[in-house]
Amino acid sequence: MMQQLTNSKLAIDTLRISEAKYRSLFENIDQSVIYLDAKGVVMAVNQAAEQLLGLPRDMLIGRKFVDSCFNVIKEDGSVFPEEQQPLLLTLRTGKPVESVVMGLFNAERQSYIWVAVHSVPEFRGDEHQPHQILMTLTDITRQKQSEGKLSMASVIFNNIGEGIFVTDKDKKIISINEAFTTITGFTQQDVYGKNSHFLHSKKNNLKIDDELHNGAREVNSWQGEIWRRHKISMDFPSWTTVSEVKDSSGNVAHYVHVFMDITHFKKTQDHLGFLAYHDPLTKLPNRLLLKDRIDHSLQNALREGSQAAVLFLDLDRFKGINDTYGHAVGDGLLREAAKRIKNLVRKEDTVSRYAGDEFVVFMESISDAKNPAKLAQKLIDTFNAPVYIKGYRLKISTSVGISLFPQDGKDTDTLIKNADAAMYRAKNEGRNNFQYYSLELNTEAFEKMSMECALSQSLERHELILYYQPQVCLKTGKLVGVESLVRWMHPSLGLMSPKQFIPIAEESGFIVPLGEWVLQNACMQMRRWLNEGLQVNKMVVNVSAIQFSRSDFVATVERILHSSGLAPSYLELELTGGSFMDNSEQTIKALNQLVAAGINLTIDDFGVGCFSFNNLNRIPVKKLKINSSFVVDVLTNANNEDITRAVIALGHGLHLQVIAMGIESKAQQNCLANLGCDEGQGYLYGSPVLPWSSIFQQLMKQTMFFQIQTD
Ligand code: C2E
Ligand code: MG
């Protein structure tokens with residue numbers, strides 16, 4: 001009996017110990033555990049369960065579990081149906097239910113937590129109805145969140161509009177998204193394993209790949225514009241972000257490239273940029289861009305000391321046309337005006353629609369203050385032709401004001417203001433004309449323009465005349481040649497010297513037909529004289545650098561010699577230093593062709609103007625002509641005598657003949673003869689005269705000699 005008592009006490013103690021162990025285990029395990037009776041009423045909860053649900057156990061024990069846990073949701077966020085609750089299922093079926101995921105509202109944290117619920121029935125004896133339920137809840141919130149993130153990332157990867165490709169650390173492409181294929185045309189098969197450089201267009205700087213990977217490495221990401229290839233279509237600009245992804249040890253494992261096609265954006269941007277600086281109607285630069293260009297150009301002009309001009313145009317009576325025919329016609333007229341103005345200016349000039357019917361032309365680097373007048377006149381003339389718009393025939397004219405940099409203003413605003421003021425004067429002068437801001441220039445420009453206009457008609461009006469001046473051998477005193485010198489009989493100003501009109505002809509290009517006329521007439525005259533027995537054997541013709549620079553010059557000379565029947569050895573061409581300036585192969589070739597044809601070449605005005613001594617041993621000339629400025633005081637100015645002596649020595653050293661120009665006295669002649677000069681020309685032997693003058697009549701009969709005295 002005692003033994004029995006001892007045994008049962010022992011058993012009770014063991015039970016107590018085991019219950020205490022069980023309680024301690026129950027309370028301290030991380031797993032949330034809830035005991036419920038057969039009606040689903042909570043009998044016991046552990047600490048973990050209290051925390052998980054955010055409710056103290058006295059709010060749970062004695063209450064039905066389903067009542068105390070409101071807001072139970074399913075994974076898709078909908079309300080969890082009561083009949084599917086694992087607890088109720090176990091109660092109903094007597095079977096365990098495992099791993100049901102549900103969202104429970106945590107009252108304390110005021111947020112949902114995700115739990116996996118197991119409910120296990122416990123039976124007494126062989127009852128079929130469980131007498132209590134053990135429910136465990138496992139917190140899977142973190143796991144759910146990272147799963148959610150992953151699936152979200154995958155959704156984004158495949159649905160985002162930007163193209164994405166991922167490379168390994170060696171820049172080999174390992175993955176692309178759907179948008180990548182849509183944007184580039186390349187599929188996973190096309191690009192897998194290829195270096196990311198494969199996707200770059202040739203338009204990119206070659207270093208871009210290194211730059212973006214280095215950039216990504218330095219600051220973990222790189223952003224910028226990259227031109228990309230398209231599989232079948234054109235290359236396109238993309239805005240790209242490259243980010244590096246590191247592994248757990250901090251080494252770069254991947255690069256993620258995200259890009260979008262910005263073709264459309266760039267076009268819009270370009271268009272907006274264009275609109276900001278251009279007039280939408282005429283597409284010309286607006287006043288903002290005009291000012292910017294003038295500002296910039298004036299800085300250069302100031303540095304280089306060059307001139308520039310602003311031409312301010314206002315269409316005459318434009319308002320009337322606009323009011324009468326409507327705005328559509330007015331717009332058409334402005335567009336046509338812009339076109340006509342644009343057609344007349346040089347490439348480097350800027351044409352701007354300044355406002356309404358006002359246009360401004362900016363001319364940079366002008367060589368002569370009178371040049372803008374020429375353009376102004378052309379602008380006025382271009383409106384002589386009527387404009388046809390929408391079936392209307394419109395006559396319009398323009399008034400132009402001109403201001404010059406630096407004399408009329410040193411900054412853009414002043415130049416425009418003064419050109420505008422000059423334009424108003426042009427309006428007051430009866431419109432359809434131009435005016436300079438500085439009054440003096442108006443007369444000068446007008447004179448130059450009317451001279452140019454008259455000169456261009458001189459050939460057809462037979463106003464050009466050739467004079468001839470003899471040349472003498474300073475060794476024998478014999479007359480050896482004649483130089484042809486052109487004159488112009490101006491209809492109102494009378495006989496004009498070539499010094500007055502050759503520069504104008506050179507500037508306008510009229511020198512080409514004029515020069516051809518001189519060559520033709522001089523050759524014909526020489527042929528005639530030779531036929532009549534003239535005792536000289538050289539016809540000297542001046543050639544301008546502009547004539548010489550033309551590719552057809554040699555052919556022209558040969559043609560003229562042929563048509564006039566003059567042998568080439570009778571012709572001597574005097575070329576100025578400017579003809580050899582470029583020292584190009586083409587120049588040397590032309591000179592050699594002339595010499596090969598048997599024509600003699602002389603450098604005119606040697607010692608003045610632009611001539612490089614470098615050229616002397618390259619060009620096949622026969623003679624140097626010393627400019628008259630050295631001869632005029634060769635007797636009185638020791639420097640000039642030295643220079644003349646040096647030129648003669650230089651010429652002879654190079655086996656060239658030397659002729660002196662401007663000999664007026666015997667003393668000058670003898671001095672030059674003493675210095676060894678080969679030939680001379682000047683008033684002493686005869687001034688330039690007409691071909692029928694007595695000197696040539698005499699030469700026809702006999703050889704003419706002058707007396708030369710040498711020491
Ligand atoms: P250039 O070739 O040096 O011609 C000589 C100039 O000196 C001529 O002037 C002539 O009248 C002048 N002259 C002649 N003897 C004397 C003198 O003793 N003393 C002084 N002080 N001057 C003298 P011109 O006829 O007025 O011609 C001037 C320049 O015009 C020429 O200079 C030549 O460069 C150019 N020229 C004349 N005719 C033509 C031509 O047909 N074509 C081209 N391209 N230029 C021409
Ligand atoms: Mg000459």
Side-chain angles (χ1 to χ4, degrees), residues 455 458-459 463-472 474 479 481-489 495-526 538-550 553 556-557 560 571-579 600-611 621 623-635 640 658-669 671-672 677 679-691 693 695 706:
L455 185 61
S458 61
L459 267 178
E463 291 165 354
L464 295 178
I465 308 160
L466 273 189
Y467 277 47
Y468 298 92
Q469 186 177 30
Q471 296 183 337
V472 175
L474 293 182
L479 260 177
V482 281
E483 180 175 8
S484 63
L485 294 157
V486 70
R487 288 4 184 182
W488 174 27
M489 183 57 83
L495 198 64
M496 291 186 68
S497 143
K499 284 185 199 122
Q500 291 169 283
F501 65 86
I502 291 284
I504 298 175
E506 285 181 329
E507 210 178 292
S508 68
F510 185 65
I511 191 71
V512 176
L514 184 150
E516 207 173 312
W517 180 89
V518 169
L519 198 61
Q520 176 80 49
N521 281 274
C523 288
M524 277 173 14
Q525 183 59 56
M526 187 63 181
K538 238 174 4 187
M539 170 56 76
V540 181
V541 177
N542 290 283
V543 174
S544 151
I546 292 172
Q547 272 174 280
F548 181 71
S549 68
R550 296 196 35 127
F553 179 68
T556 305
V557 176
I560 288 173
L571 181 63
E572 183 170 308
L573 298 180
E574 275 190 5
L575 303 157
T576 48
S579 301
N600 304 299
L601 303 179
T602 297
I603 303 177
D604 205 353
D605 287 335
F606 193 80
V608 295
C610 43
F611 183 82
V621 290
K623 202 185 283 180
L624 303 180
K625 192 172 201 177
I626 303 177
N627 183 261
S628 53
S629 57
F630 297 105
V631 176
V632 75
D633 53 2
V634 71
L635 296 170
N640 275 2
V658 181
I659 177 169
M661 182 64 206
I663 301 178
E664 295 182 4
S665 69
K666 282 205 165 196
Q668 286 170 338
Q669 167 197 270
C671 172
L672 285 155
C677 190
E679 292 178 355
Q681 181 180 347
Y683 297 155
L684 177 67
Y685 316 108
S687 40
V689 285
L690 289 163
S693 119
I695 188 168
F706 286 86

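The model shown is predicted, which means the values in this text are computed figures rather than measured ones. Counting starts at 1 for both ligands and their atoms, in listed order. Values below: every heavy atom of this structure, side chains too, minus hydrogens, waters and symmetry copies.
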Legend entry - Over all atoms of both residues, closest heavy-atom pair of Gly680 and Leu474: N-CG, 3.7 Å
Inset, instruction - Give the minimum heavy-atom separation between Glu574 and Asp604, together with the two atoms involved. - result: OE1-OD2, 2.8 Å
Legend entry - First-shell residues of ligand 1 [heavy atom, distance under 4.0 Å]: Gln469, Glu483, Leu485, Val486, Arg487, Ser497, Pro498, Lys499, Ile502, Val518, Asn542, Ser544, Glu574, Asp604, Asp605, Met661, Gly662, Ile663, Glu664, Gly682, Tyr683, Pro688
Inset, instruction - Kindly indicate, with the supporting measurements, whether the criterion salt bridge (Lys or Arg N to Asp or Glu O under 4.0 Å) is fulfilled by Lys625 and Glu483. - result: CA-CA 12 Å; Lys625 192 172 201 177; Glu483 180 175 8; 2.7 Å; yes
Inset, instruction - Mind checking the CD-CD spacing from Gln469 to Gln681? Nearest 0.5 Å is all I need. - result: 4.0 Å
Inset, instruction - Would you check if the side chain of Ser484 reaches a backbone N or O of Val540 as a donor-acceptor pair within less than 3.5 Å? - result: yes
Legend entry - All salt bridge (charged side-chain N to carboxylate O under 4.0 Å, His left out) counterparts of Glu516, not counting sequence neighbours: Arg559
Legend entry - Residues in ring pair (Phe, Tyr, Trp, His ring centres under 6.0 Å) contact with Phe553, at least two apart in sequence or another chain: Phe548
Legend entry - Student check: side-chain heavy atoms of Met496 and Glu463 closer than 4.5 Å: no
Inset, instruction - Could you please tell me which protein N, O or S atoms lie under 2.8 Å from the Mg ion (ligand 2)? - result: Glu483 OE2, Asn542 OD1, Glu574 OE1, Asp604 OD2
Inset, instruction - Side-chain contact test, heavy atoms from C-beta onward, threshold under 4.5 Å: evaluate it for Val518 versus Leu464 and give yes or no. - result: no
